[in-house]
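Working notes, beginning with the structure itself.
Quantities reported herein were computed from a predicted structural model and do not represent experimental measurements.
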Amino acid sequence: MKNIIKNSVIVLGVALVIIGILNFTKGGAPNSDNSQTITIGAALAFSGDASAWGEVEKHGIEMAVRDYKQEHPNINVVVNYEDSKSTSTGGISAVQKLISIDHSQYIIGPTWLDSYPGAQALLDQYPDIVMVAPSATIAGIQIPKKYDRLYSLYNDIDKEAKNILDIMNTQNKKKIAILSLNDQYYDLIIQSLKKQSLQYGISVVAEERINYGENPKTALEKLNATGAESLLIASYDPGISTQAFRFVLQKVSKDTQIISTNIGEYLHANENNFDLIEGVYYFKPKSANREFVQKYKAAYGTEPQFSASQAYDSVMFILNVLEQGQDPKTIVQNTMTYGPITMSDMNGIKTDNQLYDLYMVKNGQEVRLNQ
């Protein structure tokens, strides 16, 4: 009888251990008070040239956790943060630690995964891990291969390229010269622009690539000499943008249409004086909804920029899928195979950053052209 009881206890103990392991691999472990803990890892850029993005992504994640906790008091969401250092090696190291040491099954980031690739390859090593990128386009992170457990909430490259062509179309411009930061994100935009330009009868007459921190003057002189009707300045480097727009003011014909990417994110951030460049066209992701903006400003004293709301949505995507009894790594891919997750794919997500607003500088002010 004692042996039967002893064996029963052993079997029961093993069963409990197995149940605990299964619960953990499903993203959460039950606590003694019947609450559940879900562990998420965030590999964000807290240092390096993407640090401004990493900081606001952290804020977006914090907001999502607070909001979710209010509606689900018995679910404890723990987020472990690691600095990706705005490098590929830093991103890989950060994700590796979040998985192997912090036991995070769900990874948000790394920041700019398309610009600092490499961490995606860890999905091959860890078949139960899911990665959600808040600040990297799907076209970039699915290179050189496609991953079923890698999602993006950032903006669509093809739509961004189409915006540039649509802007040219408004003034019947047919030839464009391009100054681009040497970055995969802009490489993909230009590739898409060239592909779609055939439909518009538009041609790219010249391209110049420069590295972060370089002076664009020589490159701009070459582009200006082509006599192109439109000039695209594609850069997230505020220093390059500052020098480029000074060049535009001094040497580029007033008849040349100037288009810029992401300029709105730096418009009033420092002394760039973009508001002096009359007639510049640019576009940026549509702002998050008013509720999000107000809550973010109340919490952090500034309006959300960059990928704050996409980071918020990254958390909510993971948690809402788990709440529906699913596992992000086994989601049916029919509507979001290798593409940005949209509002229709994420039931109940509160922000909307998949569309763009078109702006122009008029009388020194940022004026939105589309409604």
For P110 versus V95, what's the shortest heavy-atom pair and its separation? CG-CG2, 3.8 Å
Between K162 and E160, is there a side-chain N and carboxylate O pair less than 4.0 Å apart? no
Is it true that L193 and I143 fall in one hydrophobic cluster, defined by side-chain heavy atoms closer than 4.5 Å? yes
So, D67 versus Y312: side-chain donor-acceptor pair below 3.5 Å or not? yes
Polar side chain donor-acceptor pair, T111 to E57, under 3.5 angstrom: yes
For the pair D237 (side chain) and G239 (backbone), establish whether a donor and an acceptor sit closer than 3.5 Å, ignoring hydrogens and angles. yes
Side-chain donor-acceptor contact under 3.5 Å, Y126 with Q96: yes
Angle class for the Y296/Y300 ring planes (parallel below 30°, perpendicular above 60°, tilted otherwise)? tilted
Going through the checks in order, is the side-chain hydrogen bond (donor to acceptor under 3.5 Å, both in side chains) test met by D183 and S115? CA-CA 6 Å; D183 182 272; S115 295; 2.9 Å; yes
Ignoring hydrogens and angles, tell me if any N or O in the side chain of K194 forms a donor-acceptor pair with the backbone of I189 under 3.5 Å. no
Can you confirm whether K69 is buried at NZ, in the sense that more than 12 heavy atoms of other residues, nucleotides or ligands lie under 6.0 Å from that atom? yes
Can you check whether Q257 reaches Y281 side chain to side chain, under 4.5 Å on heavy atoms? yes
Regarding E229 and T256, do their side chains bring together a donor and an acceptor under 3.5 Å, going by distance alone? no
Between CD1 on residue I176 and OG on residue S230, distance to nearest 0.5 Å: 5.5 Å
For Y186 and S180, work out which heavy atoms get closest and say how close. CB-OG, 3.2 Å
Count the heavy atoms of every other residue, nucleotide or ligand shown that sit under 6.0 Å from NZ of K85, and state whether that count exceeds 12. no
Test log, rule side chain to side chain contact (heavy atoms under 4.5 Å, CB included), inputs I318 and I108: CA-CA 10 Å; I318 294 167; I108 296 175; 4.2 Å; yes
Can you spot which of S86, P134, S307 makes a side-chain contact (heavy atoms from CB on, under 4.5 Å) with W53? S307
Would you say the side chain of Y151 lies within less than 4.5 Å of the side chain of I141, judging by non-hydrogen atoms? no
Mind checking whether L179 and L232 have side chains closer than 4.5 Å, heavy atoms only? no
Contact between Y106 and S314 at the side-chain level, heavy atoms closer than 4.5 Å - yes or no? no
Side-chain donor or acceptor of N224 paired with backbone N/O of K251 under 3.5 Å: yes
If you look at every heavy atom in P216 and I240, which pair is closest and at what distance? CG-O, 3.9 Å
Decide if atom NZ of K175 counts as having more than 12 heavy atoms of other residues, nucleotides or ligands within a radius under 6.0 Å. no
K217 to F247 six-membered ring, cation-pi geometry met (6.0 Å, 45°): no
With clusters defined by side-chain heavy atoms of hydrophobic residues (ILVMFWY) lying less than 4.5 Å apart, directly or transitively, does V205 cluster with L223? no
Go through it in stages, so that I can follow the logic: the residues are I178 and I233, the test is side chain to side chain contact (heavy atoms under 4.5 Å, CB included), and I'd like the CA-CA distance, side-chain angles, deciding distance and then a yes or no. CA-CA 6 Å; I178 299 173; I233 299 172; over 6 Å; no
Carefully, step by step, assess N76 and Q36 under the rule side-chain hydrogen bond (donor to acceptor under 3.5 Å, both in side chains). CA-CA 6 Å; N76 183 35; Q36 183 183 25; over 6 Å; no
Sub-4.5 Å side-chain heavy-atom contact between S197 and L165: yes
Any donor-acceptor N or O pair under 3.5 Å, side chains D83, S47: yes
In terms of hydrophobic clustering (I, L, V, M, F, W, Y; side-chain heavy atoms under 4.5 Å; direct or indirect links), are L322 and V132 co-clustered? yes
Under 4.5 Å between any side-chain heavy atoms of Q142 and Y147, yes or no? yes
Applying side chain to side chain contact (heavy atoms under 4.5 Å, CB included) to M63 and F292, what does each step give before you reach the verdict? CA-CA 9 Å; M63 284 181 58; F292 180 86; 3.8 Å; yes
Report yes if some heavy atom in the side chain of D114 is under 4.5 Å from a heavy atom in the side chain of Y154; otherwise report no. no
Does a side chain donor of either E55 or S51 reach within less than 3.5 Å of an acceptor in the other side chain? no
Test item: S84 side-chain N/O and G90 main-chain N/O as donor-acceptor pair under 3.5 Å: no
Are V65 and V78 co-members of a hydrophobic cluster defined by side-chain heavy atoms under 4.5 Å apart? no
What is the minimum heavy-atom distance between D255 and K173, and which atoms define it? O-NZ, 3.2 Å
Test K195 against D158 for salt bridge (Lys or Arg N to Asp or Glu O under 4.0 Å), laying out the working first. CA-CA 10 Å; K195 184 177 180 180; D158 290 334; over 6 Å; no
Donor-acceptor pair, distance only, cut-off 3.5 Å: does the side chain of T226 make one with the backbone of A206? no
Starting from M168, can I reach V252 by hopping between I/L/V/M/F/W/Y residues whose side chains sit under 4.5 Å apart? yes
Closest contact, heavy atoms only, V77 versus Y68: CG2-CD2, 4.2 Å
Looking at S192 and I157, what are the two nearest heavy atoms and their distance? CB-CG2, 4.0 Å
Regarding H72 and E323, do their side chains bring together a donor and an acceptor under 3.5 Å, going by distance alone? yes
Do you see a donor-acceptor pair shorter than 3.5 Å between the side chains of Y212 and N182? no
Would a distance-only check, ignoring hydrogens and angles, find a side-chain to backbone donor-acceptor pair under 3.5 Å from Q105 to D128? yes
Min side-chain heavy-atom separation Q243-N215 under 4.5 Å: yes
For R149 and L123, indicate whether the former's side chain and the latter's backbone hold a donor-acceptor pair under 3.5 Å. yes
